[in-house]
Structures are given as C-alpha cells and as structure tokens.
Amino acid sequence: MSTTTRAFTFRPVDPLQDAELLHRWVTHPKAAYWMMQDARLEDVERAYLEIAADEHHHALLGLGEDGRPAFLMEYYDPVHRELAGLYEPEPGDVGMHFLTPATDTPVHGFTKAVITAVVAHLFEDPAARRIVVEPDVGNKAVHALNEAVGFVPVREIQKPEKKALLSYCTRERFERAVAAV
C-alpha cells in the first residue's frame, strides 16, 4: 500500500444522531454534486432514515484513526436502486458513492486514501465482483480518482437528476491499480 493509505473503520450511519454532521457535509458548496445544497436538517434525517430502512441501499461513516467521522460512503444494489434499467447489470455488481467533507486543513492524498478504503471495503465481500459508479459527467476530480483506483469509464447515461459517467471497477483492476502505486 502507498504511504497515503490510512487506517479507516466503518460504521452504519445513525440517521438521527448523525443528521447534523451529514447536513453540514452535504449542504457545503464543495458537495454540490451530492445535490443536497438546499436540504434542511429534516430533509437529511428523512433521506438517511429511508436509506436505513432500504434493504438495497446502505450508508456508512468512515472513521479516522481517532474514531471521528471522516467521510461518508453509500453502497447500493444497482439492479434495484440508482441504475435500475439504465445499464446491463452483472451478478456481483455493487453501486457506490462517497463524500469527503470540506475542510480548512486539507491533507494531501486524503481523498485518494478514502476512495481506496471504500473500494477495498466493498471488495471484502466475496460476492462483490464489480463496483459501479455514476458520477456527474462534470465532476472531473472524481473521474480522475475513480481511474486511479481502477475504474474504467464505459459511457454517459442520462439519469433523472443528472448526466452521469457510468464506470466499472473489477476486483482485479482495483488490485492492479493499488499495487502500481
């Protein structure tokens, strides 16, 4: 692993306890692609209560070495959520989103360490064969991060809320990408 890799742990989002923190994160201008800029605290609570009740969608907080929340990740079954009917699913597909919060003291390599940890965490499940992402086509920074950990852009797709760049990452591509660092 590279020197920018950090030890993260994961825990499920507690929609009521974590709503204030998540509200700060998702409404910050840096999180524009999260599309919750105008969300009220109640909107964030409701969104994460819905995710907590959904068998096909999950939200986790990534915790830093100090045990404090450092980022948000969501994963979902793309056959049932987000990408249903928009691509050709394969057995073992897992959809993913991640959000690193805005900070006044950026740490070089942090976001790459986060996406590396998120993908590694998802591939800990032996049933996960391919991770599928659909970031906004305009989010060039996340496209570069995705490619750095092994994602391959496939095509643009039109979702109800955005034009997205559908990309895939297999376990093998991920392992090659992180080994090459």
Side-chain angles (χ1 to χ4, degrees), residues 1-52 54 57-76 81-82 94-122 131-151 153 159-167 169 174 177-178 181:
M1 293 264 187
S2 75
T3 56
T4 57
T5 300
R6 291 166 177 76
F8 295 112
T9 56
F10 297 85
R11 74 159 171 82
V13 165
D14 180 324
L16 300 177
Q17 293 294 322
D18 298 325
E20 212 171 291
L21 172 72
L22 294 175
H23 181 261
R24 276 195 315 274
W25 288 3
V26 301
T27 59
H28 190 280
K30 178 193 178 279
Y33 289 113
W34 210 255
M35 294 178 286
M36 294 185 81
Q37 299 289 249
D38 298 323
R40 296 168 301 152
L41 180 60
E42 310 82 74
D43 300 328
V44 173
E45 283 180 357
R46 185 172 38 258
Y48 285 92
L49 282 166
E50 288 172 8
I51 290 171
D54 188 334
H57 195 166
H58 311 279
L60 302 176
L61 281 175
L63 309 176
E65 293 173 349
D66 59 3
R68 293 197 316 228
F71 62 90
L72 172 65
M73 75 169 279
E74 295 180 14
Y75 65 100
Y76 60 91
R81 299 291 175 269
E82 298 280 337
V94 179
M96 178 271 288
H97 302 289
F98 77 100
L99 175 68
T100 56
T103 180
D104 293 331
T105 54
V107 175
H108 180 73
F110 177 75
T111 306
K112 185 172 180 200
V114 166
I115 191 171
T116 302
V118 166
V119 174
H121 182 72
L122 292 173
I131 298 173
V132 182
V133 293
E134 29 70 39
D136 190 287
V137 294
N139 193 345
K140 303 299 184 200
V142 87
H143 299 319
L145 283 165
N146 286 343
E147 289 185 40
V149 296
F151 281 89
K159 294 185 66 191
E161 74 282 9
K162 67 183 178 185
K163 185 178 240 183
L165 181 62
L166 182 68
S167 302
C169 182
F174 172 66
V178 297
V181 178

Between Thr103 and Lys30, do the side chains contain an N or O donor and an N or O acceptor separated by less than 3.5 Å?
-> no
Rounded to the nearest 0.5 Å, how far does CE of Met73 lie from CG of Leu122?
-> 4.0 Å
Test item: Glu50 side-chain N/O and Glu45 main-chain N/O as donor-acceptor pair under 3.5 Å = no
Does Asp43 use its side chain to pair, donor to acceptor, with the backbone of Arg40 at less than 3.5 Å?
-> yes
Using the benzene-type ring in the case of Trp, are the ring centres of Phe10 and Phe71 under 6.0 Å apart?
-> yes
In Å, rounded to the nearest 0.5 Å, how long is the span from CZ of Arg81 to NE2 of His58?
-> 9.5 Å
Do Asn146 and Pro135 come within less than 4.5 Å of each other through their side chains, counting heavy atoms only?
-> yes
Ignoring hydrogens and angles, tell me if any N or O in the side chain of His143 forms a donor-acceptor pair with the backbone of Val137 under 3.5 Å.
-> yes
Under 3.5 Å: donor-acceptor pair, side chain of Tyr33, backbone of Gly138 | yes
Verify the neighbour count for atom CG of Asp66: are there more than 12 heavy atoms of other residues, nucleotides or ligands below 6.0 Å?
-> yes
Any chance you could measure Lys112, atom NZ, to Thr100, atom OG1, to the nearest 0.5 Å?
-> 14.5 Å
Can you measure from CD1 (Ile131) to CZ (Phe151) and round to the nearest 0.5 angstrom?
-> 5.0 Å
Are the side chains of Glu82 and Met96 in touch, meaning some heavy atoms are under 4.5 Å apart?
-> no
Taking the side chain as every heavy atom from C-beta outward, state whether Lys162 and Asn139 have any pair of such atoms under 4.5 Å apart.
-> no
When you look at Tyr76 and Asp54, which way does the side chain to side chain contact (heavy atoms under 4.5 Å, CB included) test go after all the steps?
-> CA-CA 9 Å; Tyr76 60 91; Asp54 188 334; over 6 Å; no
So does Glu147 have more than 12 non-hydrogen atoms from other groups sitting under 6.0 Å from CD?
-> yes
Can you find a heavy atom in the side chain of Val142 that is under 4.5 Å from one in the side chain of Phe98?
-> yes
Name the one of Glu74, His57, Glu134 that satisfies side-chain hydrogen bond (donor to acceptor under 3.5 Å, both in side chains) with His97?
-> Glu134
